[in-house]
8 protein chains.
Amino acid sequence: MPIEFVSPMQDHDCSDSVGEQVLGTQPNAIFRDEAASKINNLRTQILLGKSDLIIALFGENKYRQWNTAMDANTAIALNKPLIIIPPEALHHPLKELSPKANVTVETIDQAIKVLSYIFDTNA
Amino acid sequence: MPIEFVSPMQDHDCSDSVGEQVLGTQPNAIFRDEAASKINNLRTQILLGKSDLIIALFGENKYRQWNTAMDANTAIALNKPLIIIPPEALHHPLKELSPKANVTVETIDQAIKVLSYIFDTNA
Amino acid sequence: MPIEFVSPMQDHDCSDSVGEQVLGTQPNAIFRDEAASKINNLRTQILLGKSDLIIALFGENKYRQWNTAMDANTAIALNKPLIIIPPEALHHPLKELSPKANVTVETIDQAIKVLSYIFDTNA
Amino acid sequence: MPIEFVSPMQDHDCSDSVGEQVLGTQPNAIFRDEAASKINNLRTQILLGKSDLIIALFGENKYRQWNTAMDANTAIALNKPLIIIPPEALHHPLKELSPKANVTVETIDQAIKVLSYIFDTNA
Amino acid sequence: MPIEFVSPMQDHDCSDSVGEQVLGTQPNAIFRDEAASKINNLRTQILLGKSDLIIALFGENKYRQWNTAMDANTAIALNKPLIIIPPEALHHPLKELSPKANVTVETIDQAIKVLSYIFDTNA
Amino acid sequence: MPIEFVSPMQDHDCSDSVGEQVLGTQPNAIFRDEAASKINNLRTQILLGKSDLIIALFGENKYRQWNTAMDANTAIALNKPLIIIPPEALHHPLKELSPKANVTVETIDQAIKVLSYIFDTNA
Amino acid sequence: MPIEFVSPMQDHDCSDSVGEQVLGTQPNAIFRDEAASKINNLRTQILLGKSDLIIALFGENKYRQWNTAMDANTAIALNKPLIIIPPEALHHPLKELSPKANVTVETIDQAIKVLSYIFDTNA
Amino acid sequence: MPIEFVSPMQDHDCSDSVGEQVLGTQPNAIFRDEAASKINNLRTQILLGKSDLIIALFGENKYRQWNTAMDANTAIALNKPLIIIPPEALHHPLKELSPKANVTVETIDQAIKVLSYIFDTNA
């Protein structure tokens, strides 16, 4: 399939430190975070804006995963098609997001099957 | 002509079963339909969103063809040019759609002639 | 509740004859329909454009109800909230519309309950 | 100040049960949630769409508060002005939201002061 | 009917001289026209932007009536409903505008009948 | 310069007869015109929608040139850059269009110079 | 005339100190400015968003008046009608803004005359 | 990096004289400026409209740099990502622009680092 995948910065340390890598050491954790988050937002805005389909994969980890939820929500607001892959344990807190997504699947393999179906243009 | 044609899934069985093919067997016909329709909607939204011109071909069959009518209507709402090809017997129920379309023709051949005229850029 | 309800023209004869009532007798049924449908479209566009919420009620009658389906679809395209009330027998042909609607209910009374919930702003 | 405040449904039980209150008992928790969340989404979409300014108040509770984050994000996507009030402990997970908001304050009283400043049109 | 009618400046002399009335005598006819047209455009943009329905009345006079054609065209581009009233003699040069209008009528009385039909919300 | 020029159909006979060439002989001049104009509008909408810059060339002929004026106006409504080339004799009737255009020039050569300036990206 | 005038905060001290008035003393001038400017931006966004017409008055003072230029520019980007009142000495640096404005006048009195002309709906 | 940089016309003389180069000698400085600025605006509108990211570099010179401020502001209004590079001395007059930008950096090198981070899609 002629698909190119991009994603928010996945390297957590890189994402947290990019502000200081660009602007130099910041006075404290608040400013370190502010500098980093602005650059992460810029990066995500450009890549998401160029995407034809957004896939939001939630994990069962300890993190609140607000960025995943917000990027999924931005896809909806921009009328970009959205597939979400939530773990079963997060069903209840994600119940308002789920019906706004185009498709909710349970595994990455299922999301790949949906992608294949989109590109099946000879049927 | 440098035109690529795409369409909603034309294989009726494939369209009806795609939900179960992706998500596995569903509890009943309602959920089977819901799973399938969401994936069909996702596929149509992406392909229609990338199209420069929508051609809606209605048949004289027993089906209500709501998807054809609604996809045509989406083209109008998105300001995408629309050609409709209705059978004569459906003139009255389609009378509100017809004046919203850019062009109404009677046969596929006539639609092809319209396409040729668009690409006649040397005239 | 401070709600005002408007609707497409419900008087079928009035809807079909409005073109001739405005423009005079037309040469044949095709032109009679075209004249009427343009005025009906104008009326629906203005009223739907001013609405905060669209409720699409499908019946179990013989009609194809394309206008209901298309007006519901226009609500979706304009990001206007949409409640649909389909009869059980039309579940399958409406399966692509249903997940695009905000809420699908089975009776008018249920739709009224949803309206009440929206205006419950003191909770 | 001539301000009217509306909010998402604050009564947690009411929010969770509204689907069954409208549609009757659902087969299981998943469908109970789906029915409720669609109606909550409809209600929030209408009220948020009519608002001139969104204030997102995060708490220090155990909940993931994805709805608060997503409603805040919708405000940004719709170019509606946004004030967020995050607790200090949530600074890091909200660091990508904070620079997208118009104003970040620490208390409700501070948000009220901002509202007063907006309406100070005689200065 | 609770309708308010506004229009582009109908007083031809007033329309042509408003630039000099605001800015003082201009060096020549070109600048006199430029000063006037900018103020006329501002006035029309505000009034047309607040209108729910545009009615474009063409006359059988010697003028080219480009402003009428362009204001009608702006209504179309803004998705504002449009009724045009062309004289029979102008059918051919207006043939590309006519199918873009919602409704084409022959007399002002007919346009009034269409307005009445829109406000017939009890039918 | 890597520029591709397209235009509305310039062959007047071809433009007037395209409706009958597609749909067959029409009952009278009105329907002949309606059939042709819809196809011309479709063609222009697609080509204008894909253009980065619109150049509207007015002539000193007897025609009212409403299509030129309306296509120029559509460019403005779509925020597409617009250059107009009016003959001196049409200054007064085009006075409301002129200040809405980005640039008004007097000759085709001058328009070409403007194009060259846009592509001078090394300066 | 039934006009309500609002403006960005005109009290320079109040505008510069509002951040500290809401959030308390800030560590240094940079943060004092950042806190204030975000609240000023919020206030201007709401008021400008509700305005039907923007009037940008430039002064002959020492300030760079970037906010005036940017608010004028926002009006243009939002397709809101714009009148600018530049002092003669600022003609050259404002030459790119001037042709984007709807109307450029030299005095406040002239701007008032333009307003009167807009509301002259009986002519 | 597969990046193409374009910019407003950097050659100050070329920018100021382009109107006369296209249209011939103008009567005075005002018209010379008006002719030039319209062509500069057209050029900037096309190039900025095609850009994925805008970088606004302010200098410590005597100029008011309104065009830089306004082009930055247009990027914001069009939801195009924006990096600004202000000199320290201009912090205060640019304080309302800074929080609207995605990222504020101090040097061109830092802006390049941000660009590198965007294209780091393998992380």
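So you know, we letter chains A, B, ... as the sequences are listed, proteins then strands, and number each from 1.
- Along residues 85-103 of chain H, no residue comes nearer than 4.5 angstrom to chain F, judged on non-hydrogen atoms.
- Contact of H/Ser15 with chain F is made through backbone and side chain together, with heavy-atom distances under 4.5 Å.
- In this structure the side chain of F/Ile55 never reaches within 4.5 angstrom of the side chain of F/Val114, judged on heavy atoms.
- Residues H/Pro8 and H/Asp71 form a side-chain contact, since some pair of their non-hydrogen atoms from C-beta on lies under 4.5 Å apart.
- A 4.5 Å side-chain heavy-atom check between F/Gln21 and F/Ile39 finds every atom pair outside the cut-off.
- In this structure, the side chains of F/Thr44 and F/Thr74 stay at 4.5 Å or more apart for every pair of heavy atoms.
- Both the backbone and the side chain of H/Val22 have a heavy atom closer than 4.5 Å to some heavy atom of chain F.
- With a 4.5 Å cut-off on side-chain heavy atoms, H/Arg32 and H/Asp16 count as touching.
- Between F/Phe119 and F/Ile3, the closest side-chain pair of non-hydrogen atoms falls below 4.5 Å.
- Between F/Lys80 and F/Leu48, the closest side-chain pair of non-hydrogen atoms falls below 4.5 Å.
- Proximity to chain H is limited to the backbone of F/Thr104, based on heavy atoms less than 4.5 angstrom apart.
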